[in-house]
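Written below as structure tokens is the structure these notes are about.
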Protein chains: 2
Amino acid sequence: MKIGELSRATGTNIETIRYYERIGLLPAPDRTAANYRSYGDAHRSRLSFVRHSRELGFTIDEIRSLLDLSDDPARDCGEADRIATRHLEQVEEKIAQLTLLRDELTRIVGRCRGGVAADCRVIEALGDHRHCENAH
Amino acid sequence: MKIGELSRATGTNIETIRYYERIGLLPAPDRTAANYRSYGDAHRSRLSFVRHSRELGFTIDEIRSLLDLSDDPARDCGEADRIATRHLEQVEEKIAQLTLLRDELTRIVGRCRGGVAADCRVIEALGDHRHCENAH
DNA sequence: ATGCACCCTGTAGCAACTACAGGGTCAAGC
DNA sequence: GCTTGACCCTGTAGTTGCTACAGGGTGCAT
Ligand SMILES: [Zn+2]
Ligand SMILES: [Zn+2]
Ligand SMILES: [Zn+2]
Ligand SMILES: [Zn+2]
């Protein structure tokens, strides 16, 4: 499989595939006589793992650890679960943060009654956190 | 006011203040004889506006537009409200996205029963989107 | 032989900072 | 008068996870 096929098979940008190779996330594949990268099924499923994990929000470093684990099938899976659990907690924290933000923005946006910038309550609220009702 | 005081007064990293000046978000202040930056109240309130807007998630470019508006008090405030409304919509979209993610991660994390990596359902789920129940 | 799709390397750009390195300034204390 | 320490300066490079070229080579069809 050439890089363009792998790209289509996994929905990954070609430049991204080369980037993953450069940072050591994907192993360097064999090359054809013309120096083209030549991939097999193992590459494709590894890349799918990476892309799916990225879509779920894992960082490259977390994915590196997860790949190390799945490369060594006899190891205890506790670490995978710890990584996933910690990531879940971070997502929950981010949701909580954004929810506060949303509430504050809703209040701010709702205050505008039109008119000139000098009197705009939106601009006023942005300039002074004391108009806010919660922390952020 | 020297840069350290401005930093303490607004809770902004010194390097960040210099960065904002470099990208033209804050005007270059006067200098003392020793070439130290010397700030006044106008700088402080402009920086507070910037920091508060950043805490609310606005991008630097959006803040640039908002500052342009508040520099010109006779202008209609419609643009400020459009910027804030659009930002609110983006925050809501992000929350919706993260909520899907959280649900999927909760399911994935809940599947682990311990054991070796070869049998781990977490690693299996990360490798194959077909185990997922929603899009992401 | 010429067009086109595809591949290669290497470098630079994005957002919004943050972290030095390598220097200058200034007031206090001995 | 000399050192110590806190503060300030410029300029550059690093962070994360890509993405976008520039400038070239390869392979196949017309
Ligand atoms: Zn308004
Ligand atoms: Zn606020
Ligand atoms: Zn497990
Ligand atoms: Zn999935």
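Below, chains carry the letters A, B, ... as their sequence lines are ordered, and counting in each starts from 1.
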Q) Does the side chain of B:R51 get closer than 4.0 angstrom to OP1 or OP2 of C:dA16 through an N or O atom? A) no
Q.
Below the 4.0 Å mark, does D:dT19 have OP1 or OP2 next to a side-chain nitrogen or oxygen of A:T16?
A. yes
Q) Between A:A34 and A:F58, which has a closest nucleotide on DNA chain D that is more 5'? A) A:F58
**Q.** First of B:I60 and B:T32 reached from the 5' end of DNA chain C, by closest nucleotide
**A.** B:I60
Q) Would you say the side chain of A:F58 lies within less than 4.5 Å of the side chain of B:L105, judging by non-hydrogen atoms? A) yes
Q: Using only heavy-atom distances, decide whether a donor-acceptor pair under 3.5 angstrom links the side-chain of A:Y20 to the base of D:dG17.
A: no
(Q) Taking any heavy-atom pair under 4.0 Å as a contact, classify A:I3: base, sugar-phosphate, or nothing. (A) sugar-phosphate
Q.
Can you see if the side chain of B:N35 gets near the phosphate of D:dC9 - specifically, an N or O under 4.0 Å from OP1 or OP2?
A. no
**Q.** Base of D:dG25 paired with side chain of A:Y36 (donor-acceptor, under 3.5 Å)
**A.** yes
Q) Looking for any heavy atom pair under 4.0 Å, which part of the strands does B:I14 touch: base, sugar-phosphate only, or nothing? A) sugar-phosphate
Q. Can B:Y20 be reached from B:Y36 by stepping across I, L, V, M, F, W or Y side chains whose heavy atoms are under 4.5 Å apart?
A. no
Q) Which is true for A:T59 with a 4.0 Å heavy-atom rule: it touches a base, it touches only sugar-phosphate, or it touches nothing? A) sugar-phosphate
(Q) Same cluster or not: B:I60 versus B:L47, using hydrophobic residues (I, L, V, M, F, W, Y) connected whenever any side-chain heavy atoms lie under 4.5 Å apart? (A) yes
Q.
If I take atom NZ in residue A:K2 and atom C1' in nucleotide D:dC28, what distance separates them, rounded to the nearest angstrom?
A. 10 Å
Q: Would you confirm whether B:H87, through its side chain, and B:L56, through its main-chain N or O, come within 3.5 Å as a donor-acceptor pair?
A: yes
**Q.** From D:dC8, C:dC8, D:dT10, nucleotide with atom closest to A:R31 side chain
**A.** C:dC8
Q. Any side-chain N or O of B:R18 under 4.0 Å from OP1/OP2 of D:dT10?
A. no
Q) Should A:L126 and A:L100 be regarded as members of a common hydrophobic cluster, given that ILVMFWY residues are connected when their side-chain heavy atoms come within less than 4.5 Å of each other, either directly or indirectly? A) no
Q | side-chain N/O B:R37 vs D:dC8 OP1/OP2, d < 4.0 Å | A | no
Q: Calculate the interatomic distance between B:L6 atom CG and D:dC7 atom P; express it in whole Å.
A: 15 Å
**Q.** Check: A:E5 side chain, C:dC6 base, donor-acceptor under 3.5 Å
**A.** no
Q) Please give, in whole Å, the distance from D:dC9 P to B:E15 CD? A) 11 Å
(Q) Using whole Å, what does the distance between atom C1' of nucleotide D:dC9 and atom CD1 of B:I17 come to? (A) 14 Å
